[in-house]
Structures are given as structure tokens and as C-alpha cells.
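What follows is a short report on a single structure.
Quick note: numbers below take in every heavy atom, side chains included, and nothing from hydrogens, waters or symmetry partners.
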Amino acid sequence: MRAAADHAVPAVYFTRDFVEAGGLMSYGASIKDGYHKAGGYAGHILKGAKPADLPVVQPTKFELVINMRTAKALGIVVPLTLQAQADEVIE
């Protein structure tokens, strides 16, 4: 996943895994929150609820992750205001 750094292409991904592997930044639904919601669904089903009767739930928690090492390698200056809004900044 070092495409951004290896090819000098800034990219925004949908999950943090890409950023941890060298991508510039990601913005998307929290995987951790998704697993938590899936656990809730499993609990309802184990208690006897019919899966077809359960509501469809949209993601409610999104996260922004920025890789500053990649930004520096690409010569990109990430504004401090964006860094302050990020859920995680990888140094």
C-alpha cells in the first residue's frame, strides 16, 4: 500500500489500514464501530429475533486519519486545522 509514497500520488482511502501502510489519509466509517454494531445484531439474533425483522443501521462514527510521514515525502503541507480535526495523526 505504499502507492502514494512510491509513485508520488496523494490519495485518500476509505479505511485507516491504507494509511497505516503508507497512504496519505483516510476518511470513512469506523471499522471498530461497525464490529460493535455487528455484535449487537448477533446478540439480537441469538435471543431469537429474525434477521429480516432487524433494522438496517447506517454508520454513525467516521474517522479521519492522516499520515504525516507520507505527506512530508510527497511535499504536501497539511494545515494544522486539518491535523487538529483528525482522529489520528501518524507521525
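- Taking CD of Glu91 as the start and CD1 of Ile66 as the end, the distance is 10.0 Å to the nearest 0.5 Å.
- Across every non-hydrogen atom of Ile76 and Pro10, the tightest pair is CD1-CB, 3.6 Å.
- Using modelled atom types, no side-chain atom of Asp87 and backbone atom of Val65 make a donor-acceptor pair closer than 3.5 Å.
- Ile90 and Leu64 end up in different hydrophobic clusters when Ile, Leu, Val, Met, Phe, Trp and Tyr side chains are linked at under 4.5 Å.
- By the side chain to side chain donor-acceptor pair (under 3.5 Å) test, Glu20 pairs with Arg16, sequence neighbours left out.
- Here the closest heavy-atom approach between residue Asn67 and residue Val19 is recorded as ND2-O, 3.0 Å.
- Looking at Gln83, its side chain never comes within 3.5 Å of a backbone N or O of Val89 through a donor-acceptor pair.
- The OG1 atom of Thr60 sits 4.5 Å away from atom CG of Asp33, with the distance rounded to the nearest 0.5 Å.
- Going from atom CG of Asp53 over to atom NE2 of His44 covers 12.0 Å, rounded to the nearest 0.5 Å.
- With hydrogens and angles ignored, the 3.5 Å screen pairs a side-chain donor or acceptor of Thr70 with a backbone N or O of Gly22.
- Of all heavy-atom pairs between Ala11 and Leu24, the closest is O-CB, 3.4 Å.
- Annotation: the span from Ser26 atom OG to Phe62 atom CZ amounts to 12.5 Å, rounded to 0.5 Å.
- Here CE of Met25 is found 8.5 Å from CE of Met68. Values are rounded to the nearest 0.5 Å.
- The shortest heavy-atom contact between Tyr27 and Val12 is N-CG1, 4.3 Å.
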